[in-house]
Student: 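So that we are looking at the same thing, I have put the structure below in structure tokens.
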Amino acid sequence: MPTIKVTLPGRSYPIVIERGVLEESGRSMDTYGLGHKVAVISNPWVAERYGPGVLASLRAAGRRAAMLTVPPGEGAKTLGEAERLYMELARLRMDRRSVVVALGGGVVGDLAGFVAATYLRGIDYVQVPTTLLAQVDASVGGKTAVDLPVGKNLVGAFHQPSLVIADVDTLATLPPRELRAGLAEVIKYGVIADAALFVRLGEEAEAVLAADPATLIDLVQRSCEIKAEVVIADERETGLRAILNFGHTVGHAVEALTGYSTLLHGEAVAIGMVAAARMAARLGMLPAADVGHLRTLIERYALPTEVPSALAPEAILETMQLDKKTRDGQLQFVLPTRIGAVEIGCAVPEAVVRAVLAGG
Ligand SMILES: NC(=O)c1ccc[n+]([C@@H]2O[C@H](COP(=O)([O-])OP(=O)(O)OC[C@H]3O[C@@H](n4cnc5c(N)ncnc54)[C@H](O)[C@@H]3O)[C@@H](O)[C@H]2O)c1
């Protein structure tokens with residue numbers, strides 16, 4: 001089965017990508033020598049649909065396993081929810097050899113990862129991502145976080161999982177809109193690192209949108225390979241890892257200004273990618289035809305390409321300046337130079353940013 005190794009200084013972990021692997025979680029944990037007491041953290045819907053298979057597999061492999069649930073949605077990524085989980089782990093007498101399993105989308109992954117990073121100063125955790133966004137992005141790379149009332153992901157830790165189990169069969173139950181939002185991140189990988197992936201996404205759109213398992217395995221695998229390569233080169237985002245933020249500067253601002261409710265993260269990233277490509281074209285860094293190719297692909301996946309008209313360019317600019325990725329108030333963008341390559345740390349004149357945000 002496709003397995004990708006993420007090798008970092010002093011440790012490495014595998015990402016297993018296949019159909020049905022969720023129900024082999026226990027055996028996979030045996031293979032990689034992970035502990036015997038397990039707390040599975042999930043949300044109610046995912047716990048009900050996929051929890052029994054995971055718990056049965058863990059117990060069949062001789063593990064003591066309990067299920068802990070958190071409320072659905074981004075609202076669960078709070079310090080309060082983390083504290084409640086610490087108390088549950090303590091009640092279960094989880095020790096340093098115990099393991100947290102994050103079963104769900106990026107919300108559960110970020111929260112459970114953060115709890116694993118901090119409980120007893122850090123215990124092992126396994127990511128079992130069940131959304132496409134989590135399989136291609138959130139579950140890989142070790143960024144864990146909770147939100148504060150003033151902003152997303154403001155409290156967190158780098159804590160790499162010990163194992164990632166991506167079962168593409170779980171994507172069959174994913175609402176189509178969530179699947180497409182995850183595809184925005186796959187398109188991102190094409191633009192930043194792999195022109196062939198970008199072309200494939202255009203050619204195989206029908207199979208992708210029909211959630212054909214073999215096609216999804218390939219896409220998840222290629223996406224994880226790219227993310228793993230970047231994380232291996234720059235675990236703590238001191239340089240190269242910033243390429244993963246392509247489309248995210250404008251995307252985050254649009255998400256924040258729409259209250260994290262009208263647009264999914266991937267949809268905001270789709271808008272941000274088109275905006276960044278337009279900036280690059282205006283600066284003469286990217287052929288105008290490539291902006292068209294990107295926009296066409298994004299539209300093929302029924303993702304948005306335009307900043308919502310209710311958002312004033314000035315408000316987006318201001319929000320971007322508050323983003324934690326801003327350096328000394330200077331707006332920095334990741335801009336494409338062709339399909340398959342980007343440059344990080346591009347300073348873009350405010351007039352250009354404004355013009356693009358106004359739809360130009
Ligand atoms: N740590 C990172 O590197 C990283 C990267 C990107 C995003 N994130 C974070 O990820 C979060 C978004 O993740 P997400 O898009 O997975 O959202 P999510 O976790 O909220 O999941 C989306 C919805 O899908 C449901 N769901 C999950 N699996 C399902 C399945 N198999 N079938 C049907 N429904 C299912 C969930 O219950 C939820 O309602 C954000 O909090 C973001 O900050 C983290």
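Residue numbers start at 1 and run along the sequence shown. All ligand and atom numbering here is 1-based and tracks the order in the structure.
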Student: Among residues at least two apart in sequence or on other chains, which ones pass ring-ring contact (aromatic ring centres under 6.0 Å, His included) with H159?
Tutor: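 So H159 forms a ring-ring contact (aromatic ring centres under 6.0 Å, His included) with Y125.
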Student: Should R278 and E306 count as an ion pair when the cut-off is N to O under 4.0 Å?
Tutor: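 So R278 pairs with E306 through a salt bridge.
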Student: Does the side-chain hydrogen bond (donor to acceptor under 3.5 Å, both in side chains) test come out yes or no for S98 and D95, once each step is laid out?
Tutor: CA-CA 5 Å; S98 305; D95 60 24; 3.0 Å; yes
Student: Show the distances, to 0.1 Å, for all pairs joining an N/O atom of ligand 1 and a protein N/O atom that are shorter than 3.5 Å, listing one pair per line.
Tutor:
from     : atom 1 : to   : atom 2 : distance (Å)
ligand 1 : 1 (N)  : D110 : OD1    : 2.9
ligand 1 : 1 (N)  : K143 : O      : 2.9
ligand 1 : 13 (O) : G106 : N      : 3.1
ligand 1 : 16 (O) : G106 : N      : 2.8
ligand 1 : 16 (O) : T131 : OG1    : 2.6
ligand 1 : 19 (O) : G106 : N      : 3.1
ligand 1 : 19 (O) : V107 : N      : 3.0
ligand 1 : 28 (N) : T130 : O      : 3.3
ligand 1 : 28 (N) : T130 : OG1    : 2.7
ligand 1 : 31 (N) : T130 : O      : 2.9
ligand 1 : 31 (N) : T170 : O      : 2.9
ligand 1 : 31 (N) : T173 : OG1    : 3.3
ligand 1 : 32 (N) : T173 : O      : 3.4
ligand 1 : 32 (N) : T173 : OG1    : 2.7
ligand 1 : 37 (O) : N43  : ND2    : 2.8
ligand 1 : 41 (O) : E74  : OE1    : 2.6
ligand 1 : 41 (O) : E74  : OE2    : 3.4
ligand 1 : 41 (O) : K77  : NZ     : 2.8
ligand 1 : 43 (O) : K77  : NZ     : 3.1
ligand 1 : 43 (O) : K152 : NZ     : 3.2
ligand 1 : 43 (O) : N153 : ND2    : 3.4

Student: Below 4.0 angstrom, N of the basic side chain to O of the carboxylate: do R295 and E299 qualify?
Tutor: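 A salt bridge links R295 with E299.
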Student: Should R200 and E203 count as an ion pair when the cut-off is N to O under 4.0 Å?
Tutor: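 A salt bridge is absent here (no side-chain N lies under 4.0 Å from a carboxylate O).
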Student: Please determine if D137 and K227 form a salt bridge, counting it only when a charged side-chain N lies under 4.0 Å from a carboxylate O.
Tutor: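 Here D137 pairs with K227 in a salt bridge, since their nearest N and O are under 4.0 Å apart.
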